[in-house]
Amino acid sequence: MTAPVVSKVCMRTHKMAIRRLKGIRDLTEISFEDKPLTGIFGPNGIGKSTILHALAAAYRAPVGCAQAAHYRKFFPPLDDDIWNGTQFVIEHTFKMSDERLVTGPLEYRKGSVKTQWKPSINRRPERQVIYVGIKSCLPDLEGYFNHNLSGAAATARVDTLDTRVLKAASGILNCNYIEIADVRAPYHPSHRYTSLRRSDSGGLVYPSVTMGAGEQRLIRLLYAVERSLKNALILVDELDLMLHGDALRKMIDYLGDHCARYEKQLVFTSHREELLSLKDHINIRHIQPQEGKHFCYDNTDPDSLHRLTGKRERPLEVFVEDKVASAIVYQVAENLKMGRHVKVTRYGAATNCFTIYAGLLLKGESCENSLFILDGDEYLDPVNRAKQIKRACSGDDADAIARRDEITCRIKDFALPVGEKPESHLHHMICGVDPAHLAAPEVEIQNIAK
């Protein structure tokens, strides 16, 4: 008997914790808060695409939408079934049949070769999921074995959807698309082609077999995004493929604005390090393996990633949250005449201070000549700090306890007035200096601050 359909409409996905999923082990949490866009970064083979696949199959399609993906689409049955023992939890906000909003976790699992994935599709929350995979990068020129467009006829698309897509593509690629058309070739009736017309090229019309792969993938992605419903979840594997830096940044702006306006979420994977600088637009989530476990670093800075995978370049190393803290440490080091011996590494979000320290210790690296500094406005409470340290470095054996003790002793804070943020404290300090003691450029900076 088919299980009854459970009426739970997912309004938002908050976070995901993975106990076991293919090669991923004990990944405590990936948060999809607080921006509409979340980027998952990490080395090849770490499981970035696997996370997208799990999200793609975690929902039931709303009425009128394409059928939701079954798990076997992304996790096909195998004789030696590597999916056995899968267990992960996703926290959602649901809208119930009585219009109540309820936030809570839902467990997904698969026991053995003979057991089914749980929950069954009828018991999953309802949400439209759009999955854009690597296949979308394949240009029409390589999608078919041969081409003959002699005598082809084009039919222009005139829907408002097409207008929105052309407008978005024009802004991202810095050109002026004015028409997209379906092309039917008499020699290949089963082939599907399109053509584009650009006014900035003298009204030139060109078929998709002559388009660049990046241009075609962008058009496909824009159609997928613009077609999706309010509150949809959009998943894109390797978002950055085929686009140069300027177009990629413009596309991030478009996706962020669109998803915020229609309360959608977009989760993507990427290897593109330059995206790490867009923390104001993207939730940066970096997955890194350490000693059989996986850590998720939030809003990571490239410096901390290099440190986790590389070696210390200078005898003394100081880890800080951001560029402001980095400038302070360098100034102190110069005043102590030891600047050339100090390497400053930025780790981004304050929670990364604990996880990166734990990661280095788990790699077996000595942190004797390292100092970890928090800005002084978070995790001041000893109980809360101890909780964060244990979360990053779990275990009750003697080695784990020793590592937690070292982390506790080695993490320091900037000294701030009680209840004051570092930025406001620096602002007060700058504005409080007597202008008579400042050079002309410094007076200008003080005036701007005021």
With no hydrogens and no angle check, do the side chains of [X] and [Y] hold a donor and an acceptor under 3.5 Å apart?
X: Arg60; Y: Gln128; answer: no
X: Arg217; Y: Ser136; answer: yes
X: Asp182; Y: Thr155; answer: no
X: Gln116; Y: Tyr71; answer: no
X: His147; Y: Tyr187; answer: no
X: Ser49; Y: Thr269; answer: no
X: Asn122; Y: Ser120; answer: no

Tell me whether the rings of [X] and [Y] are parallel (<30°), tilted (30 to 60°) or perpendicular (>60°).
X: Tyr262; Y: His258; value: tilted
X: His53; Y: Phe74; value: parallel
X: Phe88; Y: Tyr108; value: parallel
X: Phe372; Y: Phe319; value: parallel
X: His92; Y: Tyr59; value: perpendicular

Just how far is it from atom [atom1] of [X] to atom [atom2] of [Y], taken to the nearest 0.5 Å?
X: Gln216; Y: Ser208; atom1: CD; atom2: OG; answer: 5.5 Å
X: Arg272; Y: Leu239; atom1: CZ; atom2: CG; answer: 9.5 Å
X: Ile172; Y: Glu215; atom1: CD1; atom2: CD; answer: 12.0 Å
X: Leu361; Y: Glu406; atom1: CG; atom2: CD; answer: 5.0 Å
X: Glu365; Y: Glu368; atom1: CD; atom2: CD; answer: 13.5 Å
X: Tyr357; Y: Cys393; atom1: OH; atom2: SG; answer: 10.5 Å

Give a yes or no on whether the backbone of [Y] and the side-chain of [X] come within a donor-acceptor separation of less than 3.5 Å.
X: Lys110; Y: Gly85; value: no
X: Lys135; Y: Val132; value: no
X: Arg109; Y: Trp117; value: no
X: Lys73; Y: Ala56; value: no
X: Arg127; Y: Asn231; value: yes

Heavy atoms only: give me the nearest [X]-[Y] pair and the separation to one decimal.
X: Ala247; Y: Leu173; result: CB-CD2, 4.0 Å
X: Cys259; Y: Leu266; result: SG-CB, 4.1 Å
X: Ala58; Y: Pro125; result: O-CD, 3.8 Å
X: Arg285; Y: Ser31; result: NE-O, 2.7 Å
X: Pro189; Y: Pro186; result: CD-O, 3.7 Å
X: His294; Y: Gly23; result: CE1-O, 3.3 Å

Does a salt bridge link [X] with [Y], judged by any charged N lying under 4.0 Å from a carboxylate O?
X: Arg100; Y: Asp98; value: yes
X: Arg249; Y: Glu274; value: yes
X: Arg12; Y: Glu33; value: yes
X: Glu423; Y: Lys421; value: no
X: Lys343; Y: Glu317; value: no
X: Arg346; Y: Asp322; value: no
X: Asp34; Y: Lys279; value: no
X: Asp413; Y: Arg385; value: yes

Count the heavy atoms belonging to other residues, nucleotides or ligands that lie under 6.0 Å from [atom1] of [X], then report whether that count exceeds 12.
X: Arg192; atom1: CZ; result: no
X: Arg19; atom1: CZ; result: no
X: Lys250; atom1: NZ; result: yes

Any side chain to side chain donor-acceptor pair (under 3.5 Å) pairs touching residues 160-173, not counting sequence neighbours? Asp162-Tyr223, Arg164-Glu226
Which residue pairs satisfy the side chain to side chain donor-acceptor pair (under 3.5 Å) criterion with at least one member in residues 389-400, sequence neighbours excluded? Lys293-Ser394
Are [X] and [Y] side-chain neighbours, meaning at least one heavy-atom pair lies under 4.5 Å?
X: Val267; Y: Leu52; answer: yes
X: Asn176; Y: Arg198; answer: no
X: Asn283; Y: Leu37; answer: no
X: Phe295; Y: His286; answer: no
X: Leu276; Y: Phe41; answer: yes
X: Ile234; Y: Gln265; answer: no
X: His271; Y: Lys48; answer: yes
X: Pro76; Y: Trp83; answer: yes

Under the criterion side-chain contact (heavy atoms from CB on, under 4.5 Å), I'd like the reasoning laid out for Leu235 against Ile130: C-alpha separation, chi angles, the key distance, then a yes or no. CA-CA 6 Å; Leu235 307 170; Ile130 307 295; over 6 Å; no
My understanding is that only one of Asp375, Asn352, Ile373 makes a side chain to side chain contact (heavy atoms under 4.5 Å, CB included) with Glu321; could you say which? Asp375
Which of these passes side chain to side chain contact (heavy atoms under 4.5 Å, CB included) with Ile46: Ile287, Ile51, Ile40? Ile287
Passes side-chain contact (heavy atoms from CB on, under 4.5 Å), Asp26 versus Ile18? Steps please. CA-CA 6 Å; Asp26 297 321; Ile18 299 173; over 6 Å; no
Worked verdict on His188 versus Tyr193 for side-chain contact (heavy atoms from CB on, under 4.5 Å): CA-CA 10 Å; His188 304 295; Tyr193 301 101; 4.2 Å; yes
Start with the C-alpha distance between Ile30 and Lys15, add both sets of side-chain angles, then the distance that settles side-chain contact (heavy atoms from CB on, under 4.5 Å), and finish with yes or no. CA-CA 5 Å; Ile30 305 175; Lys15 58 186 177 182; over 6 Å; no
Quick check on the 6.0 Å ring-centre criterion: do Tyr347 and Phe354 meet it? no
